[in-house]
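First listed ligand is number 1; within each ligand, the first listed atom is number 1. Remember, predicted model here, so these are calculated numbers, not experimental data.
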Amino acid sequence: MPTLISYRFLLLVGESLHMRRALATSRSVLLHTSVKCMSQVEPHHGSLTVSGIGLQTETEPRNRSKTNKVKPLGSPSENRKSKGKPLGINEKKKKAFRVVEKQQIESAPFAAESFSELGLPHVLIERLEKEGFTVPTEVQSAAVPTILNNHDVIIQSYTGSGKTLAYLLPILSVVGPLRGKTPEGNSDGGESGKKLGIEAVIVAPSRELGMQIVREFEKVLGMDNKRVVQQLVGGANRTRQEDALKKNKPAIVVGTPGRIAELSASGKLRTHGCRYLVLDEVDELLSFNFREDMHRILEHVGRRSGADPNSDSRKAERQLIMVSATVPFSVVRAARSWGCDPLLVQANKVAPLETVSPSEPISLSRSSPSSSPSSAMPSPAAVESLPPALKHYYFVTRVQHKVDVLRRCIHALDAKFVIAFMNHTKQLKDVVFKLEARGMKAMELHGDLGKLARSTTLKKFKNGEVRVLVTNELSARGLDVAECDLVVNLDLPTDSIHYAHRAGRTGRLGRNGTVVTICEESEVFVVKKLQKQLAIPIAACDFAEGKFLVTEEEKTVSTSQR
Ligand SMILES: Nc1ncnc2c1ncn2[C@@H]1O[C@H](COP(=O)(O)OP(=O)(O)OP(=O)(O)O)[C@@H](O)[C@H]1O
């Protein structure tokens, strides 16, 4: 059981947190040495590090009613055997059960050093290279072949680890102009060259995330093929979206649950023949807010009308891909009920979902006793989601001095792209005003702003015109600004999962990043609790001559986590 040892001394914020990376890699015992010298926190703008180490999935391909045209990795012999000879439902189920029986998937070796090892079509790899994507991340190495093998999956990996490409690439291998050639050598259009309608539906909980996913698709597709993907987010003009659907006939749509459900109900968006349903930030999508819209989407996308919704044949009609940095057990349950023998894909393992029980790290639910907000036990769903290279600090101050502390933090770290989180929309403007009054360019971002104002603000932040983005929970999920070097909690997050998603806006794709929580004395106990739940040290800090000074460092000791 994890224990916590506290050391009180003045020391430099520095190297001790690097142990996180080592711990994340070894996933073994945490250690507890202390650095007892004095130095200063250097602002870091570390280089990009993408490791291609992962696991070779040994899962056997599961044939669906729609045959994959791309030769996937895995078991070529199995693939060959099943080609041209469609399996019946019972045979499909038998194959699926073989996957379940196979428990050794996790220990299989996997090391993809380039995208060409993942079974992607040549034309797609060329596009990736043009865009500067040469080495797949660990989760991409594990997910791409698994999805190409037609498995329903839950993809779980820490924030900023490249989960979007992990599902986007296998979809583009089968759908759209970059897909692999059919056995007949035909790669333009459907089996017979004609358009197939909507083939993939991607659902995201916010407009920003939806738009970001579209941009990621466009990056890979290239400007000439932009029309293959269509954005269907709320807040945008619905009639224009309907016209674009009619005119462009996109193969892929990306949107928010409300707009997708609305267009589907009105008959303007026909998704019954869809092959892929992706739920990005799935734990958020399964929240009460989205219940009705998600129900419609799960019932209609890739489902032919008339069939029994619970039959295996209906489950097998579409491929379900669920994605999040945090996967509570509720997601595992949803995947079991909506998917067809889903696999859990992580950076270094691919395992049948049947092997996941509520007692395992990935599957501890937010509502389970050991991970409730009041619990001092680690919450593995949150622990797993934190990028390895983050440093965490907290400052204690009076509420009226919080913005000043924020400003001093930014100067001390020389941070260039700062996201400051608050809990209440009304207070954002005041913080922006105070920062601007001291000559620091800041803007607010929240859901009450119109779509145009939101995208303009984000654009200005991304291009460096605005140094501080003052925002609420809206930006905690998915927002990808590679350069973001500092995340500040001006209000405490509600729980460790929210802390993890906020923190994950920095330290993207192996970069360094700093997370600072500014709180009142009476809130310090919450920080200590977060520290235990996340199994990370969050060091108390103060300023000395404009630099960070650690006044107290917590060392986390665990034999079971990480
Ligand atoms: N193999 C790669 N090589 C270089 N850059 C990559 C690679 N894969 C993804 N990226 C980039 O890394 C950034 C983070 O990726 P992405 O947003 O998909 O992360 P994520 O895991 O979904 O994060 P979050 O959980 O916060 O949503 C993106 O800008 C993406 O373009």
Side-chain angles (χ1 to χ4, degrees), residues 47-54 111-118 120 124-125 127-144 153-172 202-206 208-221 254 278-285 321-327 331 345-347 381-382 384-390 417 419 421 458 462 473-484 487 497-511 513 515:
S47 60
L48 203 75
T49 53
V50 179
S51 160
I53 299 165
E113 283 167 10
S114 73
F115 282 105
S116 54
E117 291 175 42
L118 302 183
L120 298 169
L124 182 51
I125 293 166
R127 276 293 315 149
L128 285 172
E129 276 166 8
K130 266 198 188 129
E131 290 302 318
F133 298 112
T134 48
V135 183
T137 65
E138 291 179 338
V139 73
Q140 290 161 4
S141 300
V144 170
V153 291
I154 297 178
I155 303 176
Q156 187 280 328
S157 176
Y158 60 80
T159 52
S161 56
K163 293 187 289 296
T164 315
L165 279 188
Y167 64 76
L168 180 156
L169 295 179
I171 290 176
L172 288 183
I202 324 290
V203 193
S206 73
E208 280 69 22
L209 186 53
M211 294 189 291
Q212 193 174 284
I213 295 167
V214 170
R215 277 195 298 275
E216 199 83 345
F217 267 104
E218 288 174 348
K219 228 192 276 177
V220 179
L221 282 163
V254 182
V278 180
L279 309 181
D280 204 334
E281 303 291 347
V282 58
D283 51 330
E284 184 77 359
L285 288 175
I321 299 167
M322 296 175 153
V323 186
S324 184
T326 45
V327 175
V331 170
V345 178
Q346 293 173 289
E384 294 275 343
S385 67
L386 276 173
L390 295 189
F417 291 81
I419 303 182
F421 283 100
L458 258 180
K462 285 183 178 181
E473 228 51 46
L474 171 82
S475 308
R477 292 241 178 195
L479 184 67
D480 178 47
V481 181
E483 297 83 3
C484 175
V487 162
I497 301 262
H498 284 79
Y499 181 98
H501 280 280
R502 286 180 177 190
R505 295 319 98 207
T506 184
R508 311 281 295 165
L509 210 70
R511 293 175 179 87
V515 186

Using a 4.5 Å cut-off on heavy atoms from C-beta on, say whether the side chain of Y167 contacts that of V144.
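Answer no - side chains too far apart.
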
Side-chain donor or acceptor of [X] paired with backbone N/O of [Y] under 3.5 Å:
X	Y	value
Q212	D480	yes
S324	V327	no
R502	Y499	no

Looking at K219 and E131, does any basic side-chain N land under 4.0 Å from a carboxylate oxygen?
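Salt bridge: no.
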
Quick one: closest heavy-atom pair of [X] and [Y], and the distance?
X	Y	result
E216	L165	OE2-CG, 3.9 Å
A500	S385	CB-OG, 3.2 Å
S161	S157	OG-OG, 2.7 Å
Y158	K163	O-NZ, 3.2 Å

Atom 19 (O) of ligand 1: which of G478, G132, G162 has the nearest heavy atom?
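Among G478, G132, G162, the closest heavy atom to atom 19 (O) of ligand 1 comes from G162.
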
Nearest neighbour of atom 13 (C) of ligand 1 from the list V481, L168, D480, T164, on a heavy-atom basis
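It is D480 that holds the nearest heavy atom.
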
For E281, which part has a heavy atom under 4.0 Å from ligand 1: side chain, backbone, both, or neither?
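Answer for E281: side chain.
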
L509, portion touching ligand 1 at heavy-atom distance under 4.0 Å:
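Under 4.0 Å from ligand 1, L509 contributes side-chain atoms alone.
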
Mark the output for [X] as yes if a heavy-atom distance to ligand 1 is under 4.0 Å, and as no if none is.
X	value
G160	yes
K219	yes
R505	yes
G504	no

With side chain to side chain donor-acceptor pair (under 3.5 Å) as the test, would you mind laying out the steps for H501 and T159 before giving the verdict?
CA-CA 7 Å; H501 280 280; T159 52; over 6 Å; no

For ligand 1, which atoms sit closer than 4.0 Å to a heavy atom of [X]?
X	answer
V135	1 (N), 2 (C), 3 (N)
Y158	21 (O)
R508	14 (C), 16 (P), 17 (O), 19 (O), 23 (O), 24 (P), 26 (O)
S161	19 (O), 20 (P), 21 (O)
F133	2 (C), 3 (N), 4 (C), 5 (N), 6 (C), 7 (C), 10 (N), 31 (O)
F115	1 (N)

Quick check: does E216 get an N/O under 3.5 Å from an N/O on ligand 1?
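Yes.
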
